[in-house]
Amino acid sequence: MTDILVVLETRDGALRNASLEAVGAARAAADASGGGKVTALATEQIELDAAILGSAGADEVVIADSKAHSPDGAAATAVRVAGETGTGAVFVSATVRGRDLLGRIAAGLDTGFAADCTAVDFADGSLVFTRPVYAGKAQIRVKINGPVVVASMRSNHFGPADREASAEMNTTSAEIGKAQVTSIAGKSGSRPDVAEAARVVSGGRGLGSAENWHLLESLADALPGAALGASRAVVDSGWRPHSEQVGQTGKTVSPELYIAVGISGAIQHLAGMSSSKVIVAINKDGEAPIFQQATYGIVGDVNEILPVLTEAIQATVD
Ligand SMILES: Cc1cc2nc3c(=O)[nH]c(=O)nc-3n(C[C@H](O)[C@H](O)[C@H](O)COP(=O)(O)OP(=O)(O)OC[C@H]3O[C@@H](n4cnc5c(N)ncnc54)[C@H](O)[C@@H]3O)c2cc1C
């Protein structure tokens, strides 16, 4: 039986969906281990709904009284609460902030971590994590030796538990960190974050110029909840912001649908999107490596394909 602490992530006073997925992953893992307790920890003040977190899988929610995010303070709070509750595992989301916390928490607990996990199960008395390696070319199963294990959960691989339960609400003091985040320069616009969206329309150098991006935006508009993504070549050219970059040095995405437009499929790009459920590639070069990853491929010029595809999708969605 393994008790699990999930460190929640909030942004602009709201709980991120990736955190509900991490709570769902913890619930499934705790149940698989024989029925442990799941505690969700908010390391800074926020109003949280006991029913939503209870339904997602948390038995208890603990809110720390910090007014702003502090990476080292949040990690220290998580380490202390993990010690107080005698938890056997700490889960975070594999987001930018989650990555920042992961190593700090593992160091604080003097244990190892498994990053970017896509599945968790319980075998021979231990949690076993599945995670991609070699830029997504292989999957490994990781077991961490030690009394406490730490892991981050990749978005769109786990779901909230969806059970009828309400979490017990409690508070705790926050550890004071040396660094305080005073503001976050977020992306503009109303589209979801590329790392969390269920649908991603991603563009590469094949779009030809920043001015052509309206073609991708129209396609994304036709797909409810779609986010925009980009290759590094595009970001390096200044066509799109780095917050949209998908790949080894950008964000990792695992949407239900990933549409790669004018992207060659370099290994560093594949590292960030190859675990997408359905991949559609549009490229004028039928030999482009992206087609080896694609579920569906369209060989042709983006300038001709995109308007037709967008119109066809609009007709279906309407
Ligand atoms: C350490 C390191 C880290 C990196 N990290 C990343 C990363 O995080 N993300 C990332 O994406 N890359 C990353 N890269 C860069 C990567 O190697 C590639 O250079 C980059 O992904 C190429 O981007 P692209 O596919 O948009 O451009 P290109 O490779 O130039 O491909 C453009 C494609 O568009 C097609 N095309 C051209 N015109 C049209 C048209 N009119 N219609 C249809 N198709 C057309 C071409 O056939 C081609 O396949 C990294 C590289 C290194 C060395």
Side-chain angles (χ1 to χ4, degrees), residues 94-100 102 115-116 118 131-138 152 154-156 187 191 193-197 199-220 222-223 226-255 257-276 278-313:
T95 54
V96 172
R97 186 180 288 188
R99 282 179 192 177
D100 191 10
L102 186 69
D116 239 2
T118 54
R131 58 180 301 267
V133 289
Y134 302 123
K137 282 198 176 303
S152 68
R154 194 180 267 201
S155 287
N156 290 321
K187 61 186 183 56
R191 292 188 198 280
D193 189 292
V194 68
E196 288 187 29
R199 293 156 170 176
V200 174
V201 177
S202 210
R205 196 151 35 196
L207 262 290
S209 69
E211 288 67 42
N212 276 346
W213 232 256
H214 67 94
L215 293 169
L216 271 199
E217 286 169 352
S218 300
L219 178 57
L223 293 163
L228 287 175
S231 71
R232 177 166 164 175
V234 158
V235 172
D236 285 352
S237 302
W239 299 356
R240 299 304 297 177
H242 184 260
S243 59
E244 290 180 7
Q245 185 180 315
V246 173
Q248 188 182 318
T249 43
K251 290 181 177 168
T252 302
V253 305
S254 298
L257 173 65
Y258 188 87
I259 306 183
V261 183
I263 293 177
S264 58
I267 183 79
Q268 296 89 354
H269 188 81
L270 300 180
M273 46 64 72
S274 59
S275 61
S276 305
V278 173
I279 298 171
V280 177
I282 305 170
N283 199 302
K284 71 176 184 185
D285 175 7
E287 301 294 317
I290 190 73
F291 286 124
Q292 287 168 24
Q293 296 288 323
T295 323
Y296 302 100
I298 303 173
V299 180
D301 191 315
V302 295
N303 298 294
E304 291 164 20
I305 306 283
L306 281 181
V308 178
L309 183 63
T310 303
E311 207 179 308
I313 291 173

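Atoms within a ligand are numbered from 1 in the order they appear, just like the ligands themselves.
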Just one of S274, S276, S275, P132 clears the side-chain contact (heavy atoms from CB on, under 4.5 Å) bar with S254, so which one?
-> S275

Could I get the full list of salt bridge (charged side-chain N to carboxylate O under 4.0 Å, His left out) partners for R131, not counting sequence neighbours?
-> none

Can you sort out the partners of D100 under salt bridge (charged side-chain N to carboxylate O under 4.0 Å, His left out), two or more places apart, ordered by chain and number?
-> R104

Who's touching ligand 1 if we go heavy atoms under 4.0 Å?
-> G204, R205, G206, S231, R232, A233, Q245, V246, G247, Q248, T249, G250, G262, I263, S264, A266, Q268, H269, N283, K284, D285, G300, D301, V302

Validation row: L223, I259 side chains within 4.5 angstrom (heavy atoms) = yes

Provide the full list of salt bridge (Lys or Arg N to Asp or Glu O under 4.0 Å) pairs with a residue in residues 291-305, sequence neighbours left out, each pair given once.
-> none

From D193 CG over to K251 NZ, what is the distance, rounded to the nearest 0.5 angstrom?
-> 3.5 Å

